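All remarks here apply to the structure that follows.
Scope of the values below: all heavy atoms of this structure, side chains included, with no hydrogens, waters or symmetry mates. Model, not experiment: these values are computed from the prediction.
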Amino acid sequence: MKQLKRSFFERSKVTHIARELVGKLLVTHIDGESVTGRIVETEAYAATGDKACHAHLGRFTERTKTMYKPGGTAYIYLCYGIHHLFNVVTNVEGTPEAVLIRAVEPISGLETMMERRGLEKKARNLTAGPGVMSQAMGITTSLNETDLTRTKSVIRMYDDGFDMVSGIETGPRVGIDYAGEDALLPWRFSLKGSKWKSPAK
DNA sequence: ATAATGATTCGCT
DNA sequence: GCGAATCATTATG
């Protein structure tokens with residue numbers, strides 16, 4: 001079980017990183033609770049040639065400045081006034097690219113997840129979807145700019161050698177109709193056959 | 001200063 | 001399937 005290093009995130013192909021993150025482990029240590037999930041769905045957002053990216057064409061604002069940080073930094077922001085969306089910055093400092101984590105499969109800390117989500121049972125909507133996944137893992141915007149590569153970080157990613165025998169599926173990204181033709185790019189990656197993917201089509 | 005809008009979810013029909 | 005909830009961010013649409 002190896003923690004993902006800076007060199008993994010600082011590579012230039014955000015789509016490759018998004019694909020490789022499927023099957024990796026996401027671990028949080030928040031409020032004294034440890035929670036683990038296996039990533040089953042991601043989306044890539046690229047610096048150039050991608051209208052769906054918050055920082056496309058070099059847009060630099062209070063919110064998007066986090067995407068210009070070095071690869072391995074957490075980019076967390078509030079969407080629709082309610083949902084905390086968790087991304088990992090990729091590429092080197094100054095190049096705003098990121099991977100949105102859309103869904104994970106619960107591995108450990110199930111009781112904590114259900115308590116945070118206010119659910120009685122282990123249901124699909126425990127962690128399937130970018131907003132609910134963040135809630136189950138305890139991720140909020142206060143953790144924006146967390147360095148995921150530090151060994152004692154409250155959010156970390158690990159490679160446990162999981163063999164993706166079932167393969168990776170690709171498809172268009174969700175909820176970005178405003179991006180025109182870029183909304184059609186097959187930059188969404190998910191674990192084929194997983195029951196824990198987000199319900200969005 | 002202010003109005004529009006969104007990388008969503010949930011409950012109701 | 002449809003629409004409300006709800007607010008930080010963004011541009012002044």
Side-chain angles (χ1 to χ4, degrees), chain A residues 9 14-15 17-19 21-22 26 37 39-69 71 73-91 95-106 113-146 148 155 157 169-191 195-201:
Chain A
F9 298 107
V14 65
T15 49
I17 297 171
R19 178 186 291 268
L21 279 177
V22 175
L26 178 62
I39 298 167
V40 296
E41 189 172 342
T42 66
E43 281 179 7
Y45 289 86
T48 54
D50 180 12
K51 288 205 273 285
C53 179
H54 290 159
H56 80 102
L57 301 180
R59 226 165 40 156
F60 188 91
T61 68
E62 219 18 62
R63 177 179 62 160
T64 65
K65 67 179 185 186
T66 305
M67 295 183 79
Y68 292 80
K69 297 269 181 192
T73 306
Y75 171 43
I76 305 163
Y77 75 98
L78 197 62
C79 186
Y80 294 100
I82 304 173
H83 305 291
H84 301 264
L85 268 57
F86 171 68
N87 306 246
V88 199
V89 176
T90 69
N91 216 319
T95 305
E97 303 195 327
V99 176
L100 169 68
I101 309 302
R102 291 190 56 84
V104 303
E105 173 183 346
M113 290 192 194
M114 289 186 289
E115 186 181 328
R116 285 173 176 154
R117 295 277 300 116
L119 297 174
E120 302 286 315
K121 307 161 62 170
K122 179 183 174 183
R124 190 174 50 85
N125 66 351
L126 186 61
T127 56
V132 294
M133 181 278 292
S134 299
Q135 189 182 6
M137 302 289 295
I139 295 171
T140 66
T141 53
S142 66
L143 296 170
N144 190 35
E145 302 196 1
T146 297
L148 305 186
I155 311 174
M157 285 184 173
E169 256 177 356
T170 61
R173 292 172 292 179
V174 177
I176 54 163
D177 297 342
Y178 60 88
E181 62 213 31
D182 288 341
L184 301 176
L185 292 170
W187 284 4
R188 177 177 175 215
F189 304 92
S190 61
L191 191 57
K195 294 182 170 63
W196 298 97
K197 291 188 285 192
S198 77
K201 74 168 176 19

Problem set entry | Touch class at under 4.0 angstrom, heavy-atom based, for A:R63 against every strand present | sugar-phosphate
Exercise. Of the nucleotides C:dT10, B:dA7, B:dC10, which has the atom closest to the A:L85 side chain?
Worked result: B:dA7
Exercise. For the side chain of A:L78, counting heavy atoms from C-beta on, which of C:dA8, C:dA5, B:dA7 is nearest?
Worked result: C:dA8
Exercise. Nearest-Å distance, CD1 (A:I76) to C1' (C:dT9)?
Worked result: 17 Å
For this session: Using whole Å, report how far NE2 of A:H84 lies from P of C:dT9.
Result: 11 Å
Seminar exercise, completed: Heavy atoms of A:Y178 and A:A52 approach each other most closely as OH-O, 3.5 Å
Seminar exercise, completed: Checking C:dA11, B:dA7, C:dT6 against the side chain of A:R59 (C-beta onward), the nearest is C:dA11
For this session: Mark this stacking check for A:Y45 against B:dA7 as yes or no, applying ring centres under 5.5 Å and ring planes under 30°.
Result: yes
Exercise. Of all the nucleotides listed (C:dT10, B:dC10, B:dG6), which has the minimum atom distance to the side chain of A:Y178?
Worked result: B:dG6
For this session: Check every atom of B:dT8, C:dT10, B:dC10 against the side chain of A:R117 and return the nucleotide holding the closest atom.
Result: B:dC10
Exercise. With A:E169, which of A:R19, A:K197, A:R188 fulfils salt bridge (charged side-chain N to carboxylate O under 4.0 Å, His left out)?
Worked result: A:K197
Exercise. What closest approach, in Å, do A:L148 and A:F86 show between heavy atoms, and which atom pair accounts for it?
Worked result: CD1-CZ, 4.1 Å
For this session: With rounding to the nearest 0.5 Å, note down the distance linking CG in A:D182 to CD1 in A:I176.
Result: 7.5 Å
Exercise. Any side-chain N or O of A:Y77 less than 4.0 Å from the OP1 or OP2 oxygen of B:dG6?
Worked result: no
Exercise. For the side chain of A:C79, counting heavy atoms from C-beta on, which of B:dG6, C:dA8, C:dT10 is nearest?
Worked result: B:dG6
Exercise. A:K51 has an atom NZ; how far is it from atom P of B:dA7, in whole Å?
Worked result: 15 Å
Exercise. What integer distance in Å separates A:E62:CD from C:dT10:P?
Worked result: 8 Å
Problem set entry | Per A:T61 side chain, nearest of listed nucleotides B:dC10, C:dT9, B:dG6 | C:dT9
For this session: Quote, to the nearest angstrom, the C1' distance that separates B:dG6 from C:dG13.
Result: 15 Å
For this session: Name the nucleic acid region contacted by A:T141, choosing base, sugar-phosphate or nothing; use a 4.0 angstrom heavy-atom cut-off, strictly under.
Result: nothing
For this session: Could you state the atom-to-atom distance from CD1 of A:I176 to C1' of B:dT8 in whole Å?
Result: 14 Å
For this session: Report the distance from atom CG of A:L57 to atom P of C:dT10, rounded to the nearest whole Å.
Result: 15 Å
Exercise. Watson-Crick or G-U wobble partner for B:dG11, using a 3.5 Å limit on both distances?
Worked result: C:dC2
For this session: Walk me through it: do A:Y75 and A:K69 pass the test side chain to side chain contact (heavy atoms under 4.5 Å, CB included)?
Result: CA-CA 9 Å; A:Y75 171 43; A:K69 297 269 181 192; over 6 Å; no
Exercise. With distance as the sole criterion, is a donor-acceptor pair present between the side chains of A:R116 and A:Q135 under 3.5 Å?
Worked result: no
Problem set entry | d(CG, A:L185; P, B:dA7) in whole Å | 15 Å
Exercise. Side chain of A:H83, base of B:dA7: donor and acceptor closer than 3.5 Å?
Worked result: no
Problem set entry | d(OH, A:Y80; C1', B:dG11) in whole Å | 17 Å
